[in-house]
Amino acid sequence: MGKNKLAKFDDMAEYPHVFQYPFSVLEAEGFDLKGHWHERFFKNNHPIVLELGCGKGEYTVGLGKLFPDKNFIGVDIKGARMWSGAKESHDEKMSNVAFLRTHIELINRFFVSGEVSEIWLTFPDPQMKKTNKRLTSTRFMKLYREILAGDGIIHLKTDSNFMFTYTEKMTEANNYPVLFKTDDLYHSGTEDPILGIKTYYEQQWLDRGLTIKYIKFVCEERETLVEPEEEIEYDAYRSFNRSKRSALASGK
């Protein structure tokens, strides 16, 4: 590990709003804020919103600035990337932003049922050949339902036509209410300020002439979930760093 990464880890260790729990500690001791984020950390009852695979944390910080009446937690396993958002939010004394370093598949170790109101998935790896690693697969829908409120919302923002189409088909197959969707966000006419936040790599994709897709849906409780059966055409390109990215760390 490079000296720069070690310096960032040491820096984040001093930040009271960054939580880094090795699996061994989590397994042995659990997470003491689970079920108590509102009263023990944020000190309010505002809705909690997660960004899963937050990368550098641009979205987590950007949303925190736009919505001071909500609490935002960026989640990723790549601590060196997370440092950027952690440092900015720390330097600006943002009280409604936190960061959690862990694998997404362990997210139910950190929150109880109903503790989270919304989840953002910003440019995750589409995992075209591995459905069970896809962050909008039914496997992950079941996981999200363990922590979401009854009317909990999922947001997906992606450059991948495969990921967008798969998610559309998944919501249709399971009758999830879709609140908004577009296959060309920046030419859709929407003026929602949330959608104007751009990550570093998103801007590079836009510079390459790629369109950005967005879908927002309610992850309702379902007794059973089914995967879409339709064949979906694979993307004809690879995004920046996509070959190195996993569903558990978005690598933005």
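Remember, it's a predicted structure, so these values are computed and weren't measured experimentally. Hydrogens, waters and symmetry mates are skipped; everything else that's a heavy atom, side chains included, is used.
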| said: Please enumerate all residues that pass side-chain hydrogen bond (donor to acceptor under 3.5 Å, both in side chains) together with Thr211, with sequence neighbours excluded. | reply: Lys213
| query | Under a 4.5 Å cut-off applied to non-hydrogen side-chain atoms, are Leu106 and Tyr21 in contact? | reply | no
| task | Please identify each residue that fulfils side-chain contact (heavy atoms from CB on, under 4.5 Å) with Glu227, with sequence neighbours left out. | result | Thr131, Ser137, Thr138, Tyr166
| What pair of heavy atoms forms the shortest contact from Ser89 to Phe99, and how long is it? | OG-CE1, 3.6 Å
| Option passing side-chain hydrogen bond (donor to acceptor under 3.5 Å, both in side chains) with Ser160 (candidates Asp125, Thr167, Asp235) | Asp235
| request: Taking side-chain contact (heavy atoms from CB on, under 4.5 Å) as the test, write out the residues that go with Glu115, two or more places apart. | output: Trp37, Ile48, Phe111, Val112
| Pairs where residues 25-49 contributes a residue and the test salt bridge (charged side-chain N to carboxylate O under 4.0 Å, His left out) is met, not counting sequence neighbours | Glu27-Arg109
| query | Any side-chain heavy atom of Pro47 within less than 4.5 Å of one from Glu118? | reply | no
| remark: Applied to residues 162-183, the salt bridge (charged side-chain N to carboxylate O under 4.0 Å, His left out) test, sequence neighbours excluded, yields Glu168-Lys181
| How far apart are the closest heavy atoms of Ala80 and Lys5, and which atoms are they? | CB-CG, 3.8 Å
| request: Among Leu50, Leu52, Thr136, find the residue that satisfies the side chain to side chain contact (heavy atoms under 4.5 Å, CB included) test when tested with Tyr144. | output: Leu52
| task | Verify side chain to side chain contact (heavy atoms under 4.5 Å, CB included) between Val226 and Asn174, making sure each step is shown before the conclusion. | result | CA-CA 6 Å; Val226 295; Asn174 294 286; 3.7 Å; yes
| field | Which residues share a side-chain hydrogen bond (donor to acceptor under 3.5 Å, both in side chains) with Lys198, sequence neighbours left out | value | none
| said: Would you say that His155 contacts Tyr214 through its side chain, given a criterion of any heavy-atom pair below 4.5 Å between the two side chains? | reply: yes
| task | Could I get the full list of side-chain hydrogen bond (donor to acceptor under 3.5 Å, both in side chains) partners for Asn132, not counting sequence neighbours? | result | none
| query | Below 4.5 Å, heavy atoms only, C-beta onward: do Leu100 and Ile107 meet side chain to side chain? | reply | yes
| request: Would you indicate whether the side-chain heavy atoms of Asn71 and Phe41 approach each other to under 4.5 Å? | output: no
| request: Report the distance from atom OG1 of Thr171 to atom NZ of Lys216, rounding to the nearest 0.5 Å. | output: 14.5 Å
| message | To check you understand the geometry: which heavy-atom pair defines the closest contact between Met163 and Leu135, and what is its length? | response | CE-N, 4.0 Å
| said: Less than 4.5 Å apart, side chain to side chain, heavy atoms only: is that true for Phe180 and Asp192? | reply: no
| request: Decide yes or no on side chain to side chain contact (heavy atoms under 4.5 Å, CB included) for Lys56 and Thr199, but give the supporting numbers first. | output: CA-CA 8 Å; Lys56 295 183 178 182; Thr199 69; over 6 Å; no
| note | Here the pair of heavy atoms bringing Leu225 nearest to Tyr176 is CD2-OH, 3.2 Å
| query | Minimum heavy-atom separation for Asp76 to Gly55, with atom names? | reply | OD2-N, 2.8 Å
| message | With ring-ring contact (aromatic ring centres under 6.0 Å, His included) as the rule and sequence neighbours excluded, what pairs involving residues 61-89 come up? | response | none
| Quick one: side-chain contact (heavy atoms from CB on, under 4.5 Å) partners of Pro16, sequence neighbours excluded? | His90
| query | Can you name the closest pair of heavy atoms from Met82 and Cys54 and give their distance? | reply | CE-SG, 4.3 Å
| said: Would you say that Gln20 contacts Phe9 through its side chain, given a criterion of any heavy-atom pair below 4.5 Å between the two side chains? | reply: yes
| request: Output all residues satisfying side-chain hydrogen bond (donor to acceptor under 3.5 Å, both in side chains) with Tyr186, sequence neighbours left out; order by chain, then residue number. | output: Lys157, Glu202
| field | From CA spacing to verdict: side chain to side chain contact (heavy atoms under 4.5 Å, CB included), Phe19, Phe110 | value | CA-CA 10 Å; Phe19 302 90; Phe110 296 90; over 6 Å; no
| field | side chain to side chain contact (heavy atoms under 4.5 Å, CB included) between Trp120 and Leu63, intermediate numbers included | value | CA-CA 10 Å; Trp120 276 84; Leu63 290 170; 3.8 Å; yes
| query | If you round to the nearest 0.5 Å, how far is CE of Met141 from CE of Met170? | reply | 4.0 Å
| message | A side-chain contact here means heavy atoms from C-beta on lying under 4.5 Å apart; do Tyr59 and Val49 qualify? | response | no
| For Glu229, salt bridge (Lys or Arg N to Asp or Glu O under 4.0 Å) partners two or more places apart | none
| Cluster partners of Leu179, using ILVMFWY side-chain heavy atoms under 4.5 angstrom, listed by chain and number? | Ile153, Val218
